[in-house]
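Keep in mind that the numbers below use all heavy atoms, side chains included, and drop hydrogens, waters and symmetry copies.
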Number of protein chains: 2
Amino acid sequence: MKQELLASLGIKVTKQRKVIVAILEKSKEPITAEEIYSCIDVQEGINFSTVYRTLNTLAEKGAVTKTGEPGGKIYFQLKEHHHAHELECLACHKHIMIDECPVESFSRTLNKETGFVVTEHHLQLKGLCAECASHSDKSV
Amino acid sequence: MKQELLASLGIKVTKQRKVIVAILEKSKEPITAEEIYSCIDVQEGINFSTVYRTLNTLAEKGAVTKTGEPGGKIYFQLKEHHHAHELECLACHKHIMIDECPVESFSRTLNKETGFVVTEHHLQLKGLCAECASHSDKSV
DNA sequence: CTCTGTGCAAACACTTTGCACCAAC
DNA sequence: GTTGGTGCAAAGTGTTTGCACAGAG
């Protein structure tokens, strides 16, 4: 258990947060607030709002990522379960790492719709970084 | 204008649907139901429910795709504005084309968060197609 | 004429928030 | 002791739905 995660984020380490982080750690795939809630309901009696608030706090601190289909429930997962992708700026050729991945949520949808199981993917993103984009905008 | 789209889907061609499709055609990027509604509000007086119902009907018929961030508003766009990606089955080596793209919605989020503008991307998806996946499941 | 689509308003599901109390630092 | 976190219940937000009427086929 790395409950130190909470401390390292500079937020208070409460019983509730420990429980929620523990559940996130156990779940190797994204889960909804509801699922988390139903895991604790019985044993600990943590409030639904607390679940949401904790998840949002963790997301703000960058420890958790949200995924999900448009209009549907939000799925949460610890970022450690993520892999990284790279952005390449076509103007300054800077490379930027991002640890969010759009394919995970997409794969879930795809599986529901088609039955296809995505086991690996490769994603290349190219474009303009914030600075280069603003330059080219203003120069017009 | 390809209002024949409506007829080709086997649904009734109403004034409201024409207007909505026309707006979707005009908008080269995904828009929300709200945005569509505000486009028509003045001129035609179409109901919000009709907008949603039409969009969902179009989505069911496969003429429109939904995208959007988890927990956020749903963005709609005509599929013609999409490009395709390919699924490759690692077992039977079948290739399957899909015309949805998870990167579009992701790019929007990314831009909001980091300012990076994605202008091109390349996505490879590999895994198991529905049949191969079910075989490998059942064989265990 | 029939049946699908529409308007309206009310219901929904999921998520967020205000306030008073409580516990971590 | 201070400040941030929690529980509770109530309010949001975006989307969906039931019903009676209207318009497309």
Side-chain angles (χ1 to χ4, degrees), chain A residues 3-23 30-61 63-77 105, chain B residues 3-23 30-61 63-77 105 108-109:
Chain A
Q3 304 287 353
E4 322 83 56
L5 167 64
L6 289 168
S8 73
L9 295 172
I11 59 177
K12 286 191 180 173
V13 182
T14 66
K15 182 194 73 175
Q16 293 85 336
R17 287 179 174 173
K18 282 190 204 169
V19 173
I20 292 168
V21 169
I23 293 170
I31 47 177
T32 63
E34 202 180 2
E35 291 168 326
I36 293 176
Y37 182 65
S38 67
C39 286
I40 37 179
D41 198 4
V42 230
Q43 359 161 158
E44 314 274 356
I46 299 177
N47 196 277
F48 226 129
S49 331
T50 303
V51 175
Y52 274 111
R53 276 195 278 230
T54 299
L55 290 169
N56 282 331
T57 304
L58 291 172
E60 272 168 32
K61 298 293 177 183
V64 149
T65 312
K66 302 179 176 187
T67 60
E69 347 302 339
K73 300 187 184 178
I74 306 178
Y75 285 75
F76 300 87
Q77 75 188 306
S105 138
Chain B
Q3 306 286 353
E4 322 83 56
L5 167 65
L6 288 167
S8 73
L9 295 172
I11 59 178
K12 286 192 179 172
V13 181
T14 65
K15 182 194 72 174
Q16 293 87 333
R17 287 178 174 172
K18 282 190 205 169
V19 174
I20 292 168
V21 169
I23 293 170
I31 48 177
T32 63
E34 201 180 3
E35 291 169 326
I36 293 176
Y37 182 64
S38 66
C39 287
I40 37 179
D41 197 6
V42 230
Q43 1 159 162
E44 314 275 355
I46 299 177
N47 197 277
F48 226 129
S49 332
T50 303
V51 175
Y52 274 111
R53 276 194 278 230
T54 299
L55 289 169
N56 282 331
T57 304
L58 292 173
E60 272 169 31
K61 298 293 178 184
V64 149
T65 313
K66 302 179 178 186
T67 59
E69 349 303 339
K73 300 187 182 179
I74 306 178
Y75 286 75
F76 300 85
Q77 76 187 307
S105 140
R108 206 163 41 234
T109 315

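Picking from C:dT6, D:dT16, D:dG5 the nucleotide with the shortest atom distance to the side chain of B:N56 gives D:dT16. Set against D:dT15, C:dG5, D:dG14, the side chain of B:K73 has D:dG14 as its closest nucleotide. When each of C:dG5, D:dC8, C:dC8 is scored by its nearest atom to the side-chain atoms of A:S49, the top-ranked nucleotide is D:dC8.
The nearest heavy atom of DNA chain D to B:K15 and to B:K66 marks one nucleotide each, and the one closer to the 5' end goes with B:K66. Both B:T32 and A:T57 lie close to DNA chain D; mapped to their nearest nucleotides by heavy-atom distance, the more 5′-ward contact belongs to A:T57.
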Go through it in stages, so that I can follow the logic: the residues are B:T57 and B:L9, the test is side-chain contact (heavy atoms from CB on, under 4.5 Å), and I'd like the CA-CA distance, side-chain angles, deciding distance and then a yes or no. CA-CA 10 Å; B:T57 304; B:L9 295 172; over 6 Å; no

So B:I31 and B:I23, side-chain contact (heavy atoms from CB on, under 4.5 Å) or not? Walk me through it. CA-CA 9 Å; B:I31 48 177; B:I23 293 170; 3.9 Å; yes

Per-pair distances, 0.1 Å, donor-acceptor, side chain in residues 45-53 of chain B, under 3.5 Å, sequence neighbours excluded:
from, atom 1, to, atom 2, distance (Å)
B:N47, OD1, B:S49, N, 2.8
B:N47, OD1, B:S49, OG, 2.7

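Taking 4.5 Å as the limit, some side-chain heavy atom of A:L6 sits within range of a side-chain heavy atom of A:L58.
In this structure, B:N47 does not reach the C:dT6 phosphate: none of its side-chain N or O atoms is under 4.0 Å from OP1 or OP2. The shortest distance between the side-chain N/O atoms of B:Q16 and the OP1/OP2 oxygens of C:dG7 is below 4.0 Å. Taking 4.0 angstrom as the limit, A:R53 places none of its side-chain polar atoms (N or O) nearer than this to OP1 or OP2 of D:dG5.
Residues satisfying the side-chain contact (heavy atoms from CB on, under 4.5 Å) test with A:P30, not counting sequence neighbours, are A:T67, A:Y75, A:Q77, A:R108.
Atom CG of A:L9 is separated from atom P of C:dC25 by 13 Å (rounded to the nearest Å). Atom-to-atom, OH of B:Y37 to P of D:dT13 comes out at 17 Å; the value is rounded to the nearest Å. Taking atom CD1 of residue B:I11 and atom P of nucleotide D:dA24, one finds them 14 Å apart after rounding to whole Å. Rounding to whole angstrom units, CZ of residue A:F48 and P of C:dG18 are separated by 20 Å. Here D:dT17 presents its C1' atom at 14 Å from OH of B:Y52, a figure rounded to the nearest Å. For B:L55 and C:dG5, the CG to C1' distance is 14 Å, given to the nearest whole Å. When the P atom of C:dG5 is taken as reference, atom CD of B:E60 falls 11 Å away, rounded to whole Å. When the P atom of D:dG14 is taken as reference, atom CD of B:E35 falls 11 Å away, rounded to whole Å.
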Listing time: all N or O pairs from protein to nucleotides 20-23 of chain D that are below 3.5 Å?
from, atom 1, to, atom 2, distance (Å)
D:dG23, N2, B:K12, NZ, 3.0

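Rounding to the nearest 0.5 angstrom, the gap separating the NZ atom in B:K15 from the CD1 atom in B:I20 is 10.5 Å. Atom CD1 of A:I11 sits about 7.0 Å away from atom NZ of A:K61, to the nearest 0.5 Å.
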